[in-house]
Amino acid sequence: MTRYWLFKSEPDCFGISDLKRRKKATWDGVRNYQARNYLRDEVQLGDVVVFYHSSCAEPAAVGIAKIVRAAYADKTAWDSHSEHPDPKSTPKNPIWYVVDVAYVHTFQHAVLLKVLHAMPEMNGSPLTQRGNRLSILPLSEKQYRAIKKEGGR
DNA sequence: GCCAACGTTGGC
DNA sequence: GCCAACGTTGGC
């Protein structure tokens, strides 16, 4: 059964336009255990991802991607030159995981955070709760449909 | 750039 | 196991 997820990324670092250009990307650098657990244990091939821009002028859900490869070890963890090295993670005992995502489409209208806040479907979602820092979070099918509708495709 | 909220670390 | 200190996230 298809599941729905929301993945956050800083557009200055990697935005939906970067994914569009590259068609496919490895979602690396997740260094939070709860997000890791979702990635490793629950995100499956074919799942649908809402791409969200965070830490920027207009935080918003901006488009759709899909999972094209389920979890495998995050090699950047044991690369001391990577952006998020973690010496505790090794090829034999990886702590951190990645998935591969592919571009699907960009929303006609970015669904701004304030709009997400106003959507009754998003009540109780970690996304719209204060102080939330989870970078990968599950969406219900209802939430996904509501966001997609606001996005205009 | 600021600051509140949060997760992690490390001393005890 | 507790908790203060610290670093990071993320909205504004």
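Order of the sequence lines fixes the chain letters, A, B, ..., with proteins taken first and strands second; residue numbering starts at 1 for each chain. Worth saying up front: this structure is predicted, and the values here are computed from it rather than measured. Side-chain atoms are counted along with the backbone in the values below, which use heavy atoms only and exclude waters and symmetry mates.
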In Å, rounded to the nearest 0.5 Å, how long is the span from CD of A:Gln129 to CG of A:Leu134?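 The distance works out to 10.5 Å.
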Nearest 0.5 Å, please: how far is CZ in A:Arg69 from OG1 in A:Thr26?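 Separation between the atoms: 8.0 Å.
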Of the candidate nucleotides [options], which contains the atom at the shortest distance from the side chain of [X]?
X       : options               : result
A:Tyr52 : B:dA5, C:dG10, C:dG11 : C:dG11
A:Asn32 : B:dG7, B:dT9, C:dG11  : B:dG7
A:Tyr33 : C:dG11, B:dT8, B:dA5  : B:dT8
A:Pro59 : C:dG11, B:dT9, C:dG10 : C:dG11

May I have the distance from [X] (atom [atom1]) to [N] (atom [atom2]), rounded to whole angstrom?
X        : N      : atom1 : atom2 : answer
A:Glu10  : C:dT8  : CD    : P     : 12 Å
A:Gln129 : C:dG10 : CD    : P     : 14 Å
A:His117 : C:dG10 : NE2   : P     : 13 Å
A:Glu58  : C:dC12 : CD    : C1'   : 13 Å
A:Leu134 : B:dG7  : CG    : C1'   : 11 Å
A:Phe7   : C:dT9  : CZ    : C1'   : 18 Å
A:Glu83  : C:dT9  : CD    : P     : 11 Å
A:His53  : C:dG10 : NE2   : P     : 13 Å

Quick one: label A:Ser55 by what it contacts on the DNA or RNA (base, sugar-phosphate, nothing), any heavy atom closer than 4.0 Å.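 Base contact.
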Among A:Tyr52, A:Trp27, A:Tyr38, which residue meets the side-chain contact (heavy atoms from CB on, under 4.5 Å) test with A:Phe7?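 Among A:Tyr52, A:Trp27, A:Tyr38, the one meeting side-chain contact (heavy atoms from CB on, under 4.5 Å) with A:Phe7 is A:Trp27.
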